[in-house]
2 protein chains.
Amino acid sequence: MRPYDCAMLNTSRDLSAREVEFLPFDLGKINSAKLNTLLKHQQLLHKGQHLYRMDEPCHALFIVRSGSIKTYTPTNNGDEKVQGFHLPKDLIGLEALSEERYSISAVALTMSTVYKLPIKSLEEIYKKNPRLGNKLHKLIGKVIDNNYRMFTLIGKKNSGVRVATMLLNLSSQYHELGYSATELCLTMTRKDIGNYLGLAEETVSRIFTQFHHLGILTADKKQLVIHDVKALNLVATGKST
Amino acid sequence: MRPYDCAMLNTSRDLSAREVEFLPFDLGKINSAKLNTLLKHQQLLHKGQHLYRMDEPCHALFIVRSGSIKTYTPTNNGDEKVQGFHLPKDLIGLEALSEERYSISAVALTMSTVYKLPIKSLEEIYKKNPRLGNKLHKLIGKVIDNNYRMFTLIGKKNSGVRVATMLLNLSSQYHELGYSATELCLTMTRKDIGNYLGLAEETVSRIFTQFHHLGILTADKKQLVIHDVKALNLVATGKST
DNA sequence: CGATGAGTTGATCTAGATCAAAAGCGGTGG
DNA sequence: CCACCGCTTTTGATCTAGATCAACTCATCG
């Protein structure tokens, strides 16, 4: 299977059948004309370009369509806390619902496109299309559920488990998108990975070489090849030595 | 101001004006009869009793009305990861929206009461009462926003900052509920606090005595008195020595 | 080309974990 | 009422995973 390709995409406003596949909803009865009235516009982001910044007023949520988005909290001292890496089908911006103002920032790690879901249209979705509203709820639940998994990972697990788990998550997410689960492109730096997992970049690097020596994977710069998914799973579940 | 009191509460089905104050919604136009059709039943929990357990099917969200609820993820080895402590007005159970099955467990730390919000009624809320639906969205946003703060706290901050921040959060939450911000009852053990913050219980204990020596607080068993909120804030923001 | 940033590897240090012991304190049952 | 057990908390001593510091190698790029 082909590895994920961040190649250029069509950026027209209307959703084609192919694109609709990429939405995290089971669209069933909803035709794309109807959907277009809810998902207004899509937006193209170049590498390094921000989708939104902390403290900006929030008028919309976003669903990633292609590429890779990093969310992070800037800290007083110029540093940052990486909060997540978001691939196609991911919903982002929920954290802003409470204050109608983004409380974190989102930046494109590669050229990316996102669908814009105006907050005003949420009400309409719930009213006119309860099934879609239900899907949205499930997505919200998934975000929160995933957060709890992260708390366990960062609060209780050692560096090897953290890195292995993160790589497996990436792998399965790519797989669900129809790409290779074993050969993929890390869109983020070692430093970003470390920051996300509560580790130093040197530690991440060491774990990578350690996994390489165990024959589990090969990580050459951004290119990652997983040779032994089973072994990686054993590490992630703490069942390895 | 009186410290939070976990005393016995009336457990009748209908909401009195006094109780309505305790809901996290700005109820404005909504009269309590109408609300009763949405918030079915309330539930009394004794100390140690579970509200729900991981893997159980989920039919409802809950809003804490009184007492103190701990959520946690049981781990394979009989241990657990504490995910949160929930006080009145907190919404819990969102993580179950994605699978219609709870992915964590919730247990009462003191005698508590909760309002039950059946998932089926969510649709109705959005349809018939968009204002209330909007409030629900804000609550969801708040939960997620708070999760990001926790990621930063646990991924980047040292033990002193973690404990100070947690105590200040508790303090301000009690304050918002109309209780003393400086004199409060810790409903959880040191072990729970440590587990929640990614620290050993011994570390939490040491931080408490350290804060005591600095004149910041007195923690005698469950009883906490904050003597110097300003200093505690300095610690929490990393601006202290 | 120089420069700047990403990645790797080695040496050293330290915050906080772990291990150990003891004290306090309910609760229970005879 | 007392003896006992189990749980929580505290404090001290020791250990270690991972941070930090430092040096070097590549790529990429204006």
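Source: prediction; values computed, not measured. Below, chain A is the first sequence line, B the second, and so on; all start at residue 1.
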Just call it for B:Gly160: base, sugar-phosphate, or nothing, with non-hydrogen atoms closer than 4.0 Å on any strand. nothing
Between B:Arg190 and D:dT9, is there a contact of a side-chain N or O with OP1 or OP2 at under 4.0 Å? yes
Under 4.0 Å: is that the gap between some side-chain N or O of A:Thr209 and OP1 or OP2 of C:dT9? yes
Using atom CG of A:Asp192 as one end and atom C1' of C:dA6 as the other, report the distance to the nearest whole Å. 11 Å
Can a side chain N or O of B:Lys222 be found less than 4.0 Å away from OP1 or OP2 on D:dT9? yes
Side chains of A:Glu201 and A:Asn195 only: does a donor on one sit below 3.5 Å from an acceptor on the other? no
Just to be sure I understand the rule, does B:Gly194 reach a base, reach only the sugar-phosphate, or reach nothing, if contact means heavy atoms closer than 4.0 Å? nothing
Quickly work out the A:Glu201 CD to D:dT20 P distance and round it to whole Å. 11 Å
Candidates D:dG18, C:dG7, D:dT9 - which lies nearest the side chain of A:Ser205: C:dG7
Crowding at NZ, B:Lys156 (>12 non-hydrogen neighbours, <6.0 Å): yes
Within the distance-only criterion (no hydrogens, no angle test), does the side chain of A:Thr187 pair as donor or acceptor with the backbone N or O of A:Thr110 below 3.5 angstrom? no
Any chance the side chains of A:His175 and A:Ser180 put a donor and an acceptor closer than 3.5 Å? no
For atom CG of A:Asn195 and atom C1' of D:dA19, their distance in whole Å: 14 Å
Nearest whole Å is fine: how far is D:dA17 C1' from A:Leu197 CG? 16 Å
Spacing between A:Ile193 atom CD1 and C:dT8 atom C1', to the nearest angstrom: 14 Å
Winner on side-chain proximity to A:Arg206, out of C:dA11, C:dG16, D:dT9, is C:dA11
C:dC25 P sits how many Å from B:Gln223 CD, rounded? 14 Å
Report the distance from atom NZ of A:Lys156 to atom P of D:dG18, rounded to the nearest whole Å. 15 Å
Nearest-Å distance for atom pair CG/P, residues B:Asn158 and D:dG18: 18 Å
Should the pair B:Arg101-B:Glu95 be classified as a salt bridge under the 4.0 Å nitrogen-to-oxygen rule? no
Can you tell me if A:Thr203 touches the phosphate of D:dG18, counting only side-chain N or O atoms and a distance under 4.0 Å to OP1 or OP2? no
Ranking A:Ser159 and A:Glu202 by the position along DNA chain D of their nearest nucleotide, the one closer to 5' is A:Ser159
Distance below 4.0 Å between B:Thr189 side-chain N/O and D:dT8 OP1 or OP2: no
